[in-house]
Amino acid sequence: MRTEDVLAAIATGMWRWDNESGTVTLDAEAARLLELPDEPATYPTSAVRSRFHPLDWSEINGVITLALAEGTLAEARLRVVDEGGRVLRTVRSRCKPVLDGETLSLFGTFQEISEPQPSAGAAQAPVTGDWRRSREAFLLDAGRALAEARSTSEVLRVAASLSMPGFSPDGLAVFGVAGERLTIIGHHGHNVGDDSPFSQMTLDTEYPAVDVVRTGQAIYLPTPDEYRRRYPVAWPLAQRFGRQSWAFLPLIVAGRTIGAWMAAFRHPVAFSADERSVLTTVARMLAQALARAGVAESERELSLGLQRAMMPTTGPEIAGMALAARYVPTGGGLQVGGDWYDVIPLPSGHFALVIGDVQGHDVRAAGLMGQLRVALRAYASEGHRPDAVLSRASRFLHGITDAHATDDRTGSRFATCLYLEVDPVTGLVETARAGHPEPAVITADGTVLIRPTEGGLPLGIDRDTDYPTTRLVLEPGETLMVCTDGLLETGGHDLDTGWARVRDVLHQNAGRPLEELADTLVQAVHGPTSHHTTGPLADRREDDIALLLLTRHGTPSPRAPRRTAMSVAQAQPERISGVRRQLRELLHDWSDEEQIDAAVLMVSEMLTNVLVHTDGNALLVAEVTSSDHTRRLRVEVADASDDLPHRRRPGEMASSGRGLLLMEMLADAWGVDPRGEGKSIWFELYEPFTPEGTEPDGPASPEP
């Protein structure tokens with residue numbers, strides 16, 4: 001008897017699909033089952049496709065892909081429909097995919113299976129495909145959750161929480177390959193210690209997960225008898241968990257098997273084509289998620305190692321002073337960059353604070369930062385002055401980056417830097433600046449001022465750049481803040497708007513312990529409140545942050561003066577706007593807004609006169625002092641010219657000559673003092689003042 005006759009006797013037809021020609025060849029029985037003429041024939045794929053329900057046909061590609069991946073038969077249940085879409089019968093298709101180069105062929109059978117049919121006259125039940133939509137929704141949710149997991153533990157937690165449509169496992173285990181051994185990365189649904197027999201298995205162990213890793217093919221064990229038959233050695237270990245079905249699937253990334261995933265069920269599972277498809281898809285997503293998490297954890301470990309190696313501690317306690325430091329890496333990549341700080345003991349008994357930022361946010365920047373930090377330590381430890389330390393550091397950085405200038409990836413880099421030498425006894429701070437944001441001082445009464453600091457080009461740009469030194473005295477109770485531009489510019493801010501944000505935080509938190517103040521500053525930039533204070537530059541890249549705070553202990557004088565000093569060079573007329581801002585910050589709590597405006601106007605006039613009528617620079621010193629009932633603002637502008645100003649009477653159309661007239665009208669007192677070389681023009685403003693804890697007793701006259 002022929003094979004065709006035997007198959008026809010059991011209502012089974014044979015078919016062959018050729019991808020290259022786009023045709024399907026049917027024998028007589030297969031044609032009959034599809035409601036085609038019951039004789040052998042070859043049909044276009046579209047003619048056969050029209051005989052199946054669209055929802056079933058859409059599943060065929062997934063089933064075939066799964067069978068190709070597993071090297072198994074492709075099985076599917078297909079509903080045969082008439083031209084009106086009414087279901088006539090259901091057939092089971094079994095086929096073997098054969099891939100020859102890029103040509104795919106399928107050889108298989110059709111066999112009719114019994115399905116409940118509607119009674120005569122009953123309405124045909126619509127085909128909803130709810131179970132397919134449930135599966136698709138589950139896979140979308142699972143893919144999204146696994147994609148968002150950022151660590152191995154999060155991936156395992158997501159995998160344990162997956163609720164598969166209709167057949168959720170109650171026991172999971174993820175195995176990883178470590179050399180010649182298989183280890184358990186994590187598990188769910190087992191007690192502590194249950195994993196010990198499986199935690200270190202060699203790759204010749206008789207165990208399903210080992211076979212999966214070795215072959216790259218999934219293993220399905222639908223019954224305990226099947227498990228016992230195929231793995232008699234491992235069965236006693238698995239038997240005690242009381243499971244009924246097991247699926248072991250390979251975890252494959254970029255063609256490499258990195259481990260295996262076990263899903264165990266307390267209820268019997270037949271592992272139909274649909275169920276295997278779901279498990280295979282989850283295994284692929286799980287493998288990708290584990291690979292991403294592994295890379296992210298390696299990057300974090302490298303990042304933390306670099307940070308620990310390159311970020312120093314603040315060292316031993318400094319007599320009479322307190323110090324706090326913070327380093328916050330940017331949120332992307334390896335989370336390392338070119339920002340750094342350092343605290344260096346000096347041979348003189350003083351100490352140096354260094355803060356800087358190497359151009360770039362990559363490992364190259366971090367490496368240059370490490371080299372530059374060591375060089376700065378060496379120059380400082382030799383006892384050089386701040387200006388000499390930065391000059392030598394600039395030549396050093398120029399030399400090591402210039403050697404790589406021919407390589408676009410590692411070409412010339414520069415670095416900004418602020419170097420401060422501090423005398424802890426007197427509070428004297430000598431500062432040299434290389435293109436870095438200027439330091440700020442929080443006075444004992446909460447006033448926040450940027451300390452204008454002379455500076456030069458960033459390190460590494462010019463071998464012979466000079467770095468002038470600026471001096472200030474940190475009084476008892478005052479706090480010095482130095483930072484990199486990341487603290488100011490993060491969140492879409494530029495230097496001006498960023499400084500305004502930081503200044504408000506410092507003013508509102510003046511007097512808090514130093515460590516709390518450091519945390520508050522970082523939170524203002526990176527915490528939830530920062531989302532409400534975004535700057536005008538929404539696309540500005542976020543930067544690393546380095547921060548140092550230094551406080552001088554001691555009881556502040558109740559009448560300690562506030563002062564600021566700033567020079568304006570002939571080539572720097574734009575610094576006049578900075579002077580105006582400094583003066584307003586100095587007078588932040590002055591009661592009379594008109595007096596503040598008058599002071600700003602007179603300062604602008606005095607500085608402009610120096611730049612226009614002399615050949616030298618202007619030096620401004622502003623100081624606020626207080627007595628029992630009066631506060632006094634005194635502003636002096638000195639220059640090197642011996643020519644004294646004289647009062648003029650400008651006409652209505654004159655563009656100059658009003659400076660002394662303004663001072664005569666607006667100032668409470670003013671004058672011109674000749675000096676040995678040059679002169680000083682000054683004015684004073686007074687306001688009534690009531691110290692805290694006292695009651696005003698009427699208007700008071702200014703001190704003479």
Side-chain angles (χ1 to χ4, degrees), residues 307-308 311-329 339-345 350-355 418 420-429 431 437-451 472-488 490-491 498-530 532-533 544-562 585 588-589 691-693:
Q307 290 178 36
R308 283 192 292 266
M311 287 293 109
T313 62
T314 55
E317 292 187 2
I318 302 168
M321 291 189 164
L323 183 65
R326 295 291 184 273
Y327 172 71
V328 182
D339 289 26
W340 89 96
Y341 65 83
D342 208 347
V343 183
I344 308 170
H350 300 173
F351 66 93
L353 299 181
V354 188
I355 194 164
L418 195 64
L420 306 93
E421 181 175 335
V422 183
D423 182 348
V425 176
T426 64
L428 177 65
V429 181
T431 306
E438 294 170 313
V441 171
I442 306 98
T443 64
D445 65 359
T447 302
V448 183
L449 297 170
I450 290 179
R451 285 299 187 185
L472 66 90
V473 175
L474 196 64
E475 301 290 347
E478 292 186 338
T479 298
L480 176 74
M481 184 197 81
V482 294
C483 65
T484 55
D485 56 3
L487 184 71
L488 305 175
T490 292
W499 163 244
R501 173 179 60 173
V502 169
R503 180 181 178 275
D504 289 343
V505 174
L506 291 171
H507 181 71
Q508 294 167 9
N509 293 273
R512 294 184 67 181
L514 213 57
E515 294 291 337
E516 292 182 14
L517 180 59
D519 290 335
T520 301
L521 283 169
V522 172
Q523 278 292 105
V525 172
H526 279 295
T529 56
S530 66
H532 305 291
T533 57
D544 303 342
I545 294 174
L547 168 69
L548 282 171
L549 295 171
L550 178 70
T551 292
R552 186 180 178 192
H553 293 317
T555 302
S557 169
R559 297 179 182 175
R562 302 180 198 162
E585 291 179 353
H588 70 94
D589 59 351
E692 290 188 21

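Source: prediction; values computed, not measured.
By the 4.5 Å heavy-atom criterion applied to side chains, Leu547 and Met481 are counted as neighbours. Between His588 and Val448 the shortest side-chain heavy-atom distance does not fall below 4.5 Å. A 4.5 Å side-chain heavy-atom check between Val502 and Leu488 finds at least one atom pair inside the cut-off. Looking at heavy atoms from C-beta onward, Val354 lies out of side-chain contact with Leu418 at the 4.5 angstrom threshold. In this structure, the side chains of Cys483 and Leu548 stay at 4.5 Å or more apart for every pair of heavy atoms. Side-chain contact between Leu506 and Leu521 is present, with at least one heavy-atom pair separated by less than 4.5 Å. Between Asp445 and Arg562, the closest side-chain pair of non-hydrogen atoms falls below 4.5 Å.
Across all non-hydrogen atoms, the minimal contact from Leu480 to Pro439 is CD1-CB, 3.9 Å. Nearest heavy atom pair, residue Leu487 against residue Val525, reads O-CG2, 3.4 Å. Heavy atoms only, all atoms of each residue included: Thr431 and Val429 are closest at OG1-CG1, 3.7 Å. In terms of heavy atoms, Thr490 sits closest to Arg501 at O-NH2, 2.7 Å.
We find the OG1-NE2 distance between Thr443 and His507 to be 9.5 Å, quoted to the nearest 0.5 Å. Taking CZ from Phe351 and CE from Met321, the interatomic distance works out to 5.0 Å, rounded to the nearest 0.5 Å. Going from atom CG of Leu549 over to atom CD of Glu516 covers 12.5 Å, rounded to the nearest 0.5 Å. To the nearest 0.5 Å, atoms CG (Leu550) and CD (Glu478) are separated by 11.0 Å. Rounding to the nearest 0.5 angstrom, the gap separating the CG atom in Asp339 from the OG1 atom in Thr484 is 4.0 Å. One distance of note links CZ of Arg512 with CD1 of Ile442; it measures 13.0 Å at 0.5 Å rounding.
When the side-chain contact (heavy atoms from CB on, under 4.5 Å) test is applied to Ala322, the partners found at least two apart in sequence or on another chain are Leu514, His553. Contacts of Thr479 classified as side chain to side chain donor-acceptor pair (under 3.5 Å), with partners at least two apart in sequence or in another chain: Thr551.
For the residue pair Trp499 / Glu585, a side-chain donor-acceptor distance below 3.5 Å is found, with atom types taken as modelled.
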